[in-house]
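Worksheet: the structure to be examined is printed underneath.
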Amino acid sequence: MKKLLSLGMTLGLLAGSIAAPVSVSASDLKIGVVNMERILRDSRSAAEASQRLNTESQRRQEEIDAVTKRFKHRLEGFEKNAVTMSEREVIAERRELAEMERDLARRNREARDEMNQRRNEEVLLLQNRASRVVHEIAEKEKFDLVLYECFYASKRVDITDRVMKEVDKYATNK
């Protein structure tokens, strides 16, 4: 019973000390704010990622344009020659054209999906890199709090430019 009472008193004292308010004044806090949207839009790393995506997209689009050109050429030939073709030839050619059109639609859809996936990968990569940089800056400079999103931040607490500079430096070294 004594052990139980002693344990209860110890736990009570411990709980009281944990719950005791800690007094911290606002002037003691070091706060930073990062605008991730600006990093994703304005950083050199974002521009380089955008350029890579455009290059990849352009190659894929050239392939799709070539298939589109073949389809249109064949369709024009069919429309011009359909009156001289037998009914069986017309049906076969329509089937072929429909198959080409489905293939073209599939290629366009796949290219769009692939581009969206690549864009998401690049954004995630950049966000992760920025997150590591923010963490490094916060630890090095002893920030108490760094926020990613807010309605307003003065220039005094906005560290976005510093983060962009470090993110771009990291990208350049890779």
Side-chain angles (χ1 to χ4, degrees), residues 3-69 102-174:
K3 285 185 178 181
L4 218 77
L5 251 172
S6 175
L7 180 63
M9 288 173 56
T10 303
L11 288 175
L13 287 173
L14 183 59
S17 67
I18 291 173
V22 177
S23 178
V24 177
S25 84
S27 64
D28 294 340
L29 292 177
K30 187 169 183 180
I31 297 173
V33 175
V34 177
N35 184 332
M36 185 60 75
E37 182 182 328
R38 246 184 76 213
I39 292 172
L40 294 174
R41 185 188 62 226
D42 299 340
S43 69
R44 189 173 66 242
S45 297
E48 290 170 0
S50 180
Q51 183 59 41
R52 279 193 304 275
L53 291 172
N54 287 340
T55 301
E56 291 173 20
S57 174
Q58 186 176 6
R59 278 182 276 179
R60 186 78 180 253
Q61 190 58 49
E62 287 170 358
E63 293 172 12
I64 291 171
D65 289 345
V67 173
T68 301
K69 187 175 180 180
R102 281 192 298 274
D103 180 54
L104 189 57
R106 179 186 52 78
R107 286 175 187 246
N108 275 313
R109 187 177 52 253
E110 286 175 356
R112 194 173 42 253
D113 291 347
E114 186 179 302
M115 194 61 185
N116 286 334
Q117 181 179 349
R118 283 287 297 123
R119 186 178 304 113
N120 291 340
E121 289 169 359
E122 290 289 342
V123 166
L124 187 61
L125 183 71
L126 188 53
Q127 285 176 329
N128 288 339
R129 194 176 311 140
S131 180
R132 280 193 305 272
V133 166
V134 167
H135 194 263
E136 289 168 6
I137 290 173
E139 281 185 343
K140 182 178 162 188
E141 298 183 22
K142 302 195 182 335
F143 276 86
D144 295 304
L145 177 68
V146 177
L147 302 170
Y148 273 119
E149 298 296 328
C150 67
F151 288 108
Y152 171 78
S154 70
K155 293 284 185 196
R156 189 170 51 88
V157 296
D158 189 348
I159 61 172
T160 304
D161 290 331
R162 290 170 47 206
V163 172
M164 272 198 292
K165 183 190 281 184
E166 290 299 314
V167 164
D168 289 341
K169 190 184 309 179
Y170 178 80
T172 304
N173 292 335
K174 271 207 140 183

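- Residues satisfying the salt bridge (charged side-chain N to carboxylate O under 4.0 Å, His left out) criterion with Glu136, sequence neighbours excluded, are absent altogether.
- Using a cut-off of 4.0 Å between Lys/Arg side-chain N and Asp/Glu carboxylate O, Arg107 and Asp103 are scored as salt-bridged.
- No side-chain heavy atom of Glu166 sits under 4.5 Å from any side-chain heavy atom of Val163.
- The number of heavy atoms from other shown groups lying within 6.0 Å of CD (Glu37) does not exceed 12.
- Thr160 pairs by the side-chain hydrogen bond (donor to acceptor under 3.5 Å, both in side chains) definition with Asp158, not counting sequence neighbours.
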Subject >> Glu110/Arg106 under salt bridge (charged side-chain N to carboxylate O under 4.0 Å, His left out): CA gap, chis, key distance, verdict >> reply: CA-CA 6 Å; Glu110 286 175 356; Arg106 179 186 52 78; 3.2 Å; yes
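- Residues in residues 49-58 take part in these salt bridge (charged side-chain N to carboxylate O under 4.0 Å, His left out) pairs, two or more places apart or across chains: Arg52-Glu122, Glu56-Arg118.
- Between the side chain of Ser131 and the backbone N or O of Gln127, no donor-acceptor pair lies under 3.5 Å.
- Of the inter-residue distances, the one linking Leu147 atom CG with Ile159 atom CD1 reads 9.5 Å to the nearest 0.5 angstrom.
- Applying the side chain to side chain contact (heavy atoms under 4.5 Å, CB included) rule to Thr68 yields the partners Ile64, Lys72, Leu104; only residues at least two apart in sequence or on another chain are considered.
- For Arg102, the salt bridge (charged side-chain N to carboxylate O under 4.0 Å, His left out) criterion is met by Glu99, not counting sequence neighbours.
- For Asn128, the side chain to side chain contact (heavy atoms under 4.5 Å, CB included) partners at least two apart in sequence or on another chain are Leu124, Arg132.
- Remark: Arg119 engages no residue in a salt bridge (charged side-chain N to carboxylate O under 4.0 Å, His left out) (not counting sequence neighbours).
- For the atom pair CG of Asn108 and CG of Asp113, the computed distance is 10.5 Å after rounding to the nearest 0.5 Å.
- By the side-chain hydrogen bond (donor to acceptor under 3.5 Å, both in side chains) test, Asp65 is found to be paired with Gln61, residues two or more places apart in sequence or in another chain being considered.
- Scored by the side-chain hydrogen bond (donor to acceptor under 3.5 Å, both in side chains) test, Asn54 finds no partners at all (sequence neighbours excluded).
- What you find for Ile39 and Met164 is that their closest heavy atoms are CG1-CG, 3.5 Å.
- Nearest heavy atom pair, residue Ser45 against residue Leu126, reads CB-CD1, 3.7 Å.
- Glu114 is linked by a side chain to side chain contact (heavy atoms under 4.5 Å, CB included) to Arg60, counting only residues two or more places apart in sequence or in another chain.
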Sequence neighbours excluded and cut-off under 3.5 Å, please list the side-chain donor-acceptor pairs for residues 138-146, or say none.
residue	atom	partner	partner atom	Å
Glu141	OE1	Arg162	NH2	2.4
Glu141	OE2	Arg162	NH2	2.3
Asp144	OD2	Lys30	N	2.7

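- Taking Arg38 as the reference, Asp161 meet the side-chain hydrogen bond (donor to acceptor under 3.5 Å, both in side chains) condition, with sequence neighbours excluded.
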